[in-house]
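Just so it is clear: chains get the letters A, B, ... in the order the sequence lines come, proteins before strands, and each one is counted from 1. Predicted, not measured: the structure shown is a model, and the values here were computed from it.
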2 protein chains.
Amino acid sequence: MDNPSTRRNRPGRRPSTAEQGVATRRALLDAAAALVAESGWCAVTTRAIAARAGVPHGAVSYHFAGKEELLREAALAATRQALAAPAAFATQAGSVAELLEGTFAWYAAGGLADPAVAQLLETARQAARDPLLRAPIAAELHDYRKALADLVRRDQQRGALAAGVPADGVAAAIAALLDGLILHLVLDPDLDTQPAAAAVLGLLAGEPR
Amino acid sequence: MDNPSTRRNRPGRRPSTAEQGVATRRALLDAAAALVAESGWCAVTTRAIAARAGVPHGAVSYHFAGKEELLREAALAATRQALAAPAAFATQAGSVAELLEGTFAWYAAGGLADPAVAQLLETARQAARDPLLRAPIAAELHDYRKALADLVRRDQQRGALAAGVPADGVAAAIAALLDGLILHLVLDPDLDTQPAAAAVLGLLAGEPR
DNA sequence: GCTCGGGTTGTCCATGCGGCCAATCGTACT
DNA sequence: AGTACGATTGGCCGCATGGACAACCCGAGC
């Protein structure tokens, strides 16, 4: 990220001034996202962002209306990117069980170490206070739940899942479960998710009474 | 909270100096917790806390090693208090279904408006970064999950719940589900929890395939 | 060749912060 | 009565922050 190649002239091309402008803007956004994940939303300063981006701190004032706007924009972009992978997984997975197994496996493999997780928690906390951030984040969540609901519906038609329960409800519950589990894992890294995974998969499979 | 009765002499008793000290400390802790819930962890200043507590700002330095310690202590106390009600509910509830229905009803009734919810989110985010806060919070979570597991076990012995799944896993899943739902509700207040509630209760009851 | 304008740079400033401390107070103990 | 000591109080300091700004650089278009 400190690498100037992000915003400086590449070998072949000459850096038109307009190109430089967008490059600087992007470098600031990337640096802001990285620093929020590292140090926390409120610990981040415009000077630190500029330093990380390799630009003088005056550049922040020029490219953004203020720290608030910069962080909001950076957080939104980072959230969209972080949510892209799970969303794609939800659409491509063959079944709910497969999705859950894959996600649990990712948790167990230490997916929490990904700075994106810290980034998401910071963004969620901020979104709870800033409506301008909350609205788009809520929309992203909505899309994710929708993709999940489609997957659930497919499973129900195949008879792999109880058909008597509302698909959107199952989707909302699964989404909440997975996010809640992330939250608990962040607070207690020693928590063993194996039993929870077994329990959920067992219940969904219709364990005998 | 501005009410001086919290820390000033009550009618009958004379305020011994030691008692005053304890009262001031407590007033600072209460004010800190309230302000964190209102404005967010990082937006809180020692001066604002002192003003809310009705004491001069120098009192903070005297009673606490620093802002960090004050906030940590306040957050921990507030979290313990906020978790007391759900924990008691988990121990006293007759069944998992009853617990879930009660909790869902509380969500639907607008339990999110409770400042304790904002407080918890702030504390969680901070605990993710501060091990000194994370450890006790993790312990509280552990206790809550344990109480829930006991409840699940009772249900399994009564045959109200599938016996083939690990009780601690079910407990961990339910705890994550409920907390994750809070998170989603904070980010999207318009989210309807009814379908999710129906789905979870249906799955736990063993809906026919 | 010259202007024009977006992009860049470093400096400056007002503000508010957390923490420190010396003076003061008032109670409890001798 | 006198002393010791914890609690109180408000002023003070150093410092970092976010933002504004004037000077500048340099390619683009005439």
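Atom CZ of B:Phe64 is separated from atom P of D:dT8 by 11 Å (rounded to the nearest Å). In this structure, CD1 of A:Ile49 is placed 14 Å from C1' of D:dG19, rounded to the nearest angstrom. Between the CG atom of A:Leu28 and the P atom of D:dG19 there is a distance of 13 Å, given to the nearest Å. One atom, CG of A:Leu70, and another, C1' of D:dG19, lie 13 Å apart when rounded to the nearest Å. Following rounding to the nearest Å, B:His63 (NE2) and D:dT9 (C1') show an atom-to-atom distance of 11 Å.
Looking only at side-chain heavy atoms (C-beta outward), A:Leu178 and A:Leu100 come within less than 4.5 Å of each other. Annotation: side chain of A:Arg154 is in contact with side chain of A:Leu151 (closest heavy-atom distance under 4.5 Å). Taking 4.5 Å as the limit, every side-chain heavy atom of B:Arg72 sits out of range of all side-chain heavy atoms of B:Pro136.
Using a distance-only test at 3.5 Å, with no hydrogens or angles considered, a donor-acceptor pair links the side chain of A:Gln156 to the main chain of A:Val165. Panel note: side chain A:Gln119, backbone A:Val36; no donor-acceptor pair is recorded below 3.5 Å.
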Q. With the sugar-phosphate defined as primed atoms, P, OP1 and OP2, and the base as all remaining atoms, what B/S/- string results for nucleotides 11-22 of chain C, 5' to 3', for protein heavy atoms under 4.0 Å?
A. BB----BBBB--
Below 3.5 Å, can you tabulate the donor-acceptor pairs from side chains in residues 182-193 of chain A to any protein atom, sequence neighbours excluded?
from: A:His184; atom 1: ND1; to: B:Arg145; atom 2: NH1; distance (Å): 3.2
from: A:His184; atom 1: NE2; to: B:Asp179; atom 2: OD2; distance (Å): 2.5
from: A:Asp188; atom 1: OD1; to: A:Asp190; atom 2: N; distance (Å): 3.4
from: A:Asp188; atom 1: OD2; to: B:Arg145; atom 2: NH2; distance (Å): 3.3
from: A:Asp192; atom 1: OD1; to: A:Gln194; atom 2: N; distance (Å): 3.1

